[in-house]
Amino acid sequence: MTAPRPSWQRLLLATLLTLFALLLGATLSSLLPEAWRRGVPTGVGYLAPMSYLITAGCMALGGALAGHRFVIIAAGLSVALWTSTLVMLAGVSGLQPEGASPLSQVLRGNALNMLLSVVAAILGTLAGARWRDQRLARSAPAS
């Protein structure tokens with residue numbers, strides 16, 4: 001038995017609650033100890049493991065509310081949030097004269113971070129959707 005497809009209203013509700021959860025998670029993460037928030041330096045920039053956990057947890061909420069169809073929305077939200085962040089960072093770094101394109105510099109330093117955030121969003125959504133499917137299967141009457 002497959003789970004019923006969520007309505008567009010349920011997808012919209014899941015999207016809005018996920019965005020709120022991301023905002024709340026980002027705000028509350030500032031209360032964590034500095035060592036937990038610190039980025040991990042790599043050859044291609046800093047990685048933010050706590051950010052991936054928050055993203056996965058928030059997207060799991062969307063998956064639990066809207067099921068597997070939320071995967072596309074989760075990936076889109078993650079890419080949209082990262083795009084706005086990169087454009088903002090490029091604008092700030094564009095104030096410093098260096099010759100190279102500010103957006104390409106910012107993208108180079110954050111490409112892996114962006115990719116891992118999208119992967120965390122997809123995995124979190126799939127985990128939430130799987131939990132939803134199991135919950136629906138348990139509550140469905142046996143035929």
- Task: Answer with yes or no whether the hydrophobic clustering places Val119 together with Trp82; edges join I, L, V, M, F, W, Y residues whose side-chain heavy atoms lie under 4.5 Å apart.
- Result: no

- Task: Please round to the nearest 0.5 Å and tell me the distance separating atom CG of Leu13 and atom CG of Leu65.
- Result: 6.0 Å

- Look up atom CG in Leu22 and atom OG1 in Thr18, then write down how far apart they are to the nearest 0.5 Å. 6.5 Å

Donor-acceptor list for residues 67-81 side chains, cut-off 3.5 Å, not counting sequence neighbours:
{"residue": "His68", "atom": "ND1", "partner": "Asp133", "partner atom": "OD2", "Å": "3.4"}
{"residue": "Arg69", "atom": "NH1", "partner": "Pro6", "partner atom": "O", "Å": "2.9"}

- Note on the structure: Rounding to 0.5 Å, atoms CE (Met114) and OG1 (Thr83) come to a distance of 4.5 Å

- With sequence neighbours excluded, what pairs up with Arg135 under the side-chain hydrogen bond (donor to acceptor under 3.5 Å, both in side chains) test? none

- Query: Hey, any chance Leu31 and Phe20 share a hydrophobic cluster, counting ILVMFWY side chains that come within less than 4.5 Å of each other, even indirectly?
  - Reply: yes

- Heavy-atom check, side chain of Val44 versus side chain of Asn110, under 4.5 Å: no

- Message: Can you list everything that forms a side-chain contact (heavy atoms from CB on, under 4.5 Å) with Arg38? Sequence neighbours excluded, please.
- Response: Glu34, Ala35

- Would you please name every residue forming a side-chain hydrogen bond (donor to acceptor under 3.5 Å, both in side chains) with Ser7, sequence neighbours left out? Gln9

Acceptor/donor pairs from residues 49-64 side chains to any protein atom, 3.5 angstrom cut, sequence neighbours excluded:
{"residue": "Tyr52", "atom": "OH", "partner": "Ala48", "partner atom": "N", "Å": "3.3"}
{"residue": "Tyr52", "atom": "OH", "partner": "Asn113", "partner atom": "OD1", "Å": "2.3"}
{"residue": "Thr55", "atom": "OG1", "partner": "Ser51", "partner atom": "O", "Å": "2.9"}

- Task: Would you give the length of the straight line joining atom CG of Leu28 to atom CG of Leu23, rounded to the nearest 0.5 angstrom?
- Result: 9.5 Å

- Note on the structure: side chain to side chain donor-acceptor pair (under 3.5 Å) pairs touching residues 119-130, sequence neighbours excluded, are none

- Message: Please report the interatomic distance OG(Ser84) to CG(Leu89), rounded to the nearest 0.5 Å.
- Response: 9.5 Å

